[in-house]
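What follows is a short report on a single structure.
The chain is numbered in sequence order, starting from 1.
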Amino acid sequence: MATPSPQAVARQTMAALLREARAAGWIRVRGEIRPDGSMTVDAGMIEADTSDDFLEGDLRMGQ
């Protein structure tokens with residue numbers, strides 16, 4: 001039997017991780033698979049803090 005490629009293994013692993021995280025009730029699960037087969041996972045039980053540190057006054061140009 002042929003050895004599976006790193007990308008195929010990464011896809012299978014990511015699919016299993018997403019399935020289990022959803023079944024466990026995680027609110028946020030996001031994964032990224034790179035061409036070399038490495039993965040990055042961003043997951044959490046609470047929503048990500050999406051607020052930024054900019055105020056409307058800081059966004060004015062030409063002053």
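For Thr40, the side chain to side chain donor-acceptor pair (under 3.5 Å) partners are Arg34, not counting sequence neighbours. Qualifying side-chain contact (heavy atoms from CB on, under 4.5 Å) partners for Gln7, counting only residues two or more places apart in sequence or in other chains: Ser5, Arg11.
Considering all non-hydrogen atoms of both residues, Gly37 and Ala10 come closest at O-CB, 3.3 Å.
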Which atom pairs, one a donor and one an acceptor, fall under 3.5 Å between side chains of residues 12-27 and the rest of the protein, sequence neighbours left out?
residue : atom : partner : partner atom : Å
Thr13   : OG1  : Val9    : O            : 2.8

